Amino acid sequence: MEGVGADAASAAAPLNQWRHDVWKLFQFYLDKTTPHAVYRWVGTFVLACLYALRVYYIQGFYIVTYGVGIYILNLLIGFLSPLVDPEMEPSDGPMLPTKGSDEFKPFIRRLPEFKFWYAITKAFCVAFLMTFFSMFDVPVFWPILLCYWVVLFILTMKRQIMHMIKYKYVPLNIGKQKYGGKKSSASSSGSRAD
């Protein structure tokens, strides 16, 4: 009886090794994409467009699209939220400044940009694969789902924006100062010489 278990374990070993090697290769290429944020988002946009075209031409899978929309909305909330929510968790560590005299502490997201991108890309890949199986094509009246999602999006974003205003943080890099490097220091030293 022990021989049967040993044969099964030895047969599974090459499969586990192959799975491990494929995962390492996938992780290698995923890590190489980390510094290329614009290209990653362009690729995800192309994938989302392909998914939208497939749903449009098939005229179905609206419930899958609604599920992807709700999932992305949930991810967006994590992307726009601070790691430590001052409303929920009083912390001894770094917190968002609430007054003008408070020390500046950088905004740390609950969901980092790379994980946000990866989760959205995975969601569109899974949804695209689901469009090949008719059991996921549940007949629904899609305008109702769209209206419900839009209302949910507006209410959620209103609450999130009110939270941002209350605790005075901006989760995006738009309009923030950036270090210019040698160029800015060279121009400032040139103006001192005059």
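Numbering of residues begins at 1 and proceeds along the displayed sequence. Everything numeric in this text was worked out from a predicted model, so none of it was measured.
Rounded to the nearest 0.5 Å, atoms OG1 (Thr34) and NZ (Lys32) are 10.5 Å apart. Here the straight-line distance linking atom CG of Leu53 with atom CZ of Phe128 works out to 9.5 Å at 0.5 Å rounding. Once rounded to the nearest 0.5 Å, the distance linking CG of Leu152 with CG of Leu73 reads 5.5 Å. Rounding to the nearest 0.5 Å gives a distance of 12.0 Å between CD1 of Ile120 and SG of Cys125. Atom-to-atom distance recorded for Trp149:CH2 and Cys147:SG is 12.0 Å, nearest 0.5 angstrom. With rounding to the nearest 0.5 angstrom, the CG atom of Leu80 is 11.0 Å from the OG1 atom of Thr156.
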Set out, in order, the CA-CA distance, both residues' side-chain angles and the distance that settles side chain to side chain contact (heavy atoms under 4.5 Å, CB included) for Lys166 and Met162, then state yes or no. CA-CA 6 Å; Lys166 181 179 179 182; Met162 296 305 290; over 6 Å; no
Evaluate the side chain to side chain contact (heavy atoms under 4.5 Å, CB included) criterion for residues Tyr167 and His163: first the C-alpha distance (whole Å), next the side-chain angles of each, then the deciding distance (0.1 Å), finally the verdict. CA-CA 6 Å; Tyr167 291 103; His163 190 271; 3.7 Å; yes
Going through the checks in order, is the side chain to side chain contact (heavy atoms under 4.5 Å, CB included) test met by Val68 and Phe124? CA-CA 7 Å; Val68 169; Phe124 277 115; 3.9 Å; yes
Go through it in stages, so that I can follow the logic: the residues are Tyr148 and Tyr66, the test is side chain to side chain contact (heavy atoms under 4.5 Å, CB included), and I'd like the CA-CA distance, side-chain angles, deciding distance and then a yes or no. CA-CA 10 Å; Tyr148 183 65; Tyr66 177 72; 2.7 Å; yes
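With Asp137 contributing its side chain and Gly60 its backbone, the two residues share no donor-acceptor pair below 3.5 Å.
Side-chain contact between Arg40 and Thr121 is absent, with no heavy atoms from C-beta onward closer than 4.5 Å. Taking 4.5 Å as the limit, every side-chain heavy atom of Gln160 sits out of range of all side-chain heavy atoms of Leu76. Side-chain contact between Thr33 and Trp117 is present, with at least one heavy-atom pair separated by less than 4.5 Å.
No cation-pi contact links Arg110 to Phe79, judged by a cut-off of 6.0 Å to the six-membered ring centre and 45° from its axis. Cation-pi geometry between Arg54 and Phe132 is met: the NZ or CZ atom falls under 6.0 Å from the ring centre, inside 45° of the normal.
Both Val140 and Phe133 are assigned to one and the same hydrophobic cluster, defined by single-linkage of ILVMFWY side chains at heavy-atom distances under 4.5 Å. Leu129 and Ile72 are not part of a single hydrophobic cluster, where members link through side-chain heavy atoms under 4.5 Å apart. Under the 4.5 Å side-chain heavy-atom criterion for Ile, Leu, Val, Met, Phe, Trp and Tyr, Tyr56 and Val46 are members of distinct hydrophobic clusters. Cluster membership check: Tyr29 does not share its hydrophobic cluster with Val42, using side-chain heavy-atom separations under 4.5 Å among Ile, Leu, Val, Met, Phe, Trp and Tyr.
Grouping Ile, Leu, Val, Met, Phe, Trp and Tyr by side-chain contacts under 4.5 Å, direct or through others, puts Trp18 with Leu15, Val22.
Taking the six-membered ring where the residue is Trp, Tyr118 and Phe114 present parallel rings, their angle staying beneath 30° rather than reaching 60°.
A donor and an acceptor atom, one from each side chain of Trp142 and Gln59, are nowhere located under 3.5 Å apart. Checked by atom type, the side-chain pair Tyr51/Thr131 shows no donor-acceptor distance below 3.5 Å.
Aromatic rings of Trp41 and Phe45 (six-membered ring for Trp) have centroids beyond the 6.0 Å cut-off, not under it.
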